[in-house]
Amino acid sequence: MKYVYFLWLLFLFILPISIVFVYSFLEPQIYGGIKWSFSLEAYSYLPRYLALIWRSVWIAGVATFITLAVAVPVAFYIARSKLKNFLLLLTVIPFWTNSLIRIYAWKIVLGNNGLINQFLGLFGIGPVQFLYNSFAVILVIVYTYLPFAILPLYAAMEKVEDSILEASLDLGASRMYTFTRVLLPNVRAGLLTAFVFVFIPALGSYAIPDLVGGVNSKMIGNEIVRQLLTVRNWPVASAMSNILTLIALLSIIFVMKRGERR
């Protein structure tokens, strides 16, 4: 069994990351592909994309924070509800629909002639530009990855005994204090898992900023695709992917270390 796990880890994790890492230190060919000669040219392009990298981290970070802020009370309610199975079903129902269709649905809702602007038009307001900006990207990221945050938080909160929370309230603690200082420390593992499940895919998101984002809300995933398919500069795309992986890894380590100190 351990050999099966090792082969899975080798072919689906170590080997792809190693190929991307090696390609970033090679020279590009004119029509795509790479030349097997060592070069640091790909990394010399990265400083001009610092603003794009920062924008990607900022959008992913804000979206992750909002997602966790919404998922925590929702997961707590589901864990204490008598209809938890039904509510969990409602949580996973969006997975039954293709993600691209759900993103396009937001264009119908947020567009200048969309449902929200039609409603605002009844009061003489608008049209308001909801689409093609960072707001739209963050909103759709939160909607898309909210179930990924709710499920691990629910699994963690279900294991917390009601007697622990009741004891805190009986000792005079407020509901907010009990929630933030008693419940959340007991579900730290669920919070870390939810952070990983949301932040990493949000950081490398491509379809969401491509469909609902504008020029000023493109993310690093969009530039990686452009370098691969349009510019056909594989080493630069690989170097960007390495930076993306490094940022995600450092973020996870920082959150885990901070959680351990607490």
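Rounded to the nearest 0.5 angstrom, Leu211 CG and Tyr104 OH are separated by 5.0 Å. Note: Leu165 CG to Arg80 CZ = 6.0 Å, rounded to the nearest 0.5 Å. Atoms OG and CG, on Ser24 and Leu46 in that order, are 9.0 Å from each other to the nearest 0.5 Å. The distance from the CH2 atom of Trp8 to the CD1 atom of Ile14 is 10.0 Å, given to the nearest 0.5 Å. Interatomic distance, CG of Leu88 versus CD1 of Ile93, reported as 11.0 Å (0.5 Å rounding). Separating the OG atom in Ser18 from the OH atom in Tyr23 is a distance of 12.0 Å, to the nearest 0.5 Å.
The existence of a salt bridge linking Lys84 and Glu158 is confirmed by a sub-4.0 Å separation between a basic side-chain nitrogen and an acidic carboxylate oxygen.
Other residues, nucleotides and ligands contribute only 12 or fewer heavy atoms inside 6.0 Å of the CD1 atom of Ile30. No more than 12 heavy atoms of other residues, nucleotides or ligands lie within 6.0 Å of CG in Asn113, so this atom counts as exposed by the packing criterion. The environment of Trp234 atom CH2 is sparse: at most 12 non-hydrogen atoms of other residues, nucleotides or ligands sit within 6.0 angstrom. The number of heavy atoms from other shown groups lying within 6.0 Å of CZ (Arg102) is above 12. Within 6.0 Å of atom CZ in Phe86, 12 or fewer heavy atoms from other residues, nucleotides or ligands are found, so the atom counts as exposed in its surroundings. Heavy-atom neighbours of Phe38 CZ from other residues, nucleotides or ligands within 6.0 Å: above the threshold of 12.
Shown are Ile66, Thr64, Val137, Val62; of these, the side-chain contact (heavy atoms from CB on, under 4.5 Å) with Val142 is made only by Ile66.
Hydrophobic clustering (ILVMFWY, side-chain heavy atoms < 4.5 Å, transitive): Leu153 and Leu83 are in distinct clusters. Note on Tyr177: it does not cluster hydrophobically with Leu171, by side-chain heavy-atom contacts below 4.5 Å among ILVMFWY residues. Val22 and Phe13 fall within the same hydrophobic cluster, where Ile, Leu, Val, Met, Phe, Trp and Tyr residues are linked whenever their side-chain heavy atoms come under 4.5 Å apart, directly or through other members. Under the 4.5 Å side-chain heavy-atom criterion for ILVMFWY residues, no single connected hydrophobic cluster contains both Phe199 and Val187. Under the 4.5 Å side-chain heavy-atom criterion for grouping Ile, Leu, Val, Met, Phe, Trp and Tyr, Leu15 is connected to Ile17 within one hydrophobic cluster.
Side-chain contact check for Trp58 versus Ile138: some heavy-atom pair is nearer than 4.5 Å. Contact of the Leu184 side chain with the Arg188 side chain is not registered, since no non-hydrogen atoms from C-beta on lie closer than 4.5 Å. Residues Tyr49 and Arg55 fail the side-chain proximity criterion, which asks for heavy atoms closer than 4.5 Å. Two residues are said to be in side-chain contact when any heavy atoms from C-beta on lie closer than 4.5 Å; Leu26 and Lys35 fail this criterion. Proximity of Tyr77 to Leu87: side-chain heavy atoms (C-beta onward) are separated by under 4.5 Å at one or more points. The shortest distance between side-chain heavy atoms of Val212 and Lys107 falls below 4.5 Å. Taking 4.5 Å as the limit, every side-chain heavy atom of Ile53 sits out of range of all side-chain heavy atoms of Ser56. Here the side chains of Asn112 and Leu131 are not in contact, with every heavy-atom distance at 4.5 Å or above.
Ala149 pairs by the side-chain contact (heavy atoms from CB on, under 4.5 Å) definition with Thr67, Leu68, Ala71, Ala194, Val198, not counting sequence neighbours.
With ring centers used as reference points, Phe95 lies under 6.0 Å from Phe148. Between Phe25 and Tyr43, the ring centre distance stays below 6.0 Å.
Looking only at distances, no side-chain donor or acceptor of Ser81 sits under 3.5 Å from a matching main-chain atom of Ile78. Between the side chain of Asn117 and the backbone N or O of Pro127 there is no donor-acceptor pair closer than 3.5 Å. Not a single donor-acceptor pair under 3.5 Å links the side chain of Asn233 to the backbone N or O of Gln227. Proximity of a side-chain donor or acceptor of Asn133 to a complementary backbone N or O of Ser217 within less than 3.5 Å is not detected.
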Verdict with supporting geometry, Trp106 and Leu139, side chain to side chain contact (heavy atoms under 4.5 Å, CB included): CA-CA 9 Å; Trp106 275 105; Leu139 176 63; 3.6 Å; yes
Trace of the side chain to side chain contact (heavy atoms under 4.5 Å, CB included) decision for Phe76 with Tyr154: CA-CA 7 Å; Phe76 179 77; Tyr154 161 79; over 6 Å; no
Glu223 vs Met240, side chain to side chain contact (heavy atoms under 4.5 Å, CB included): CA-CA, chis, key distance, verdict: CA-CA 9 Å; Glu223 183 60 27; Met240 289 184 175; 3.4 Å; yes
Side chain to side chain contact (heavy atoms under 4.5 Å, CB included) evaluation trace for Val72 with Phe179: CA-CA 10 Å; Val72 167; Phe179 188 81; 3.2 Å; yes
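Considering every non-hydrogen atom in both Ala207 and Ile103, the closest pair reads CB-CD1, 4.1 Å. Between Ala75 and Met157 the shortest heavy-atom distance is C-SD, 3.8 Å. The shortest non-hydrogen separation linking Ile200 to Ile252 is CD1-CD1, 3.3 Å. Between Asn242 and Phe21, the shortest heavy-atom distance links the atoms ND2-CA, 3.6 Å. The two atoms that bring Val182 and Ser168 nearest to each other are CG2-OG, 3.6 Å, heavy atoms only. Smallest separation of non-hydrogen atoms from Pro235 and Gly33: CD-O, 4.4 Å.
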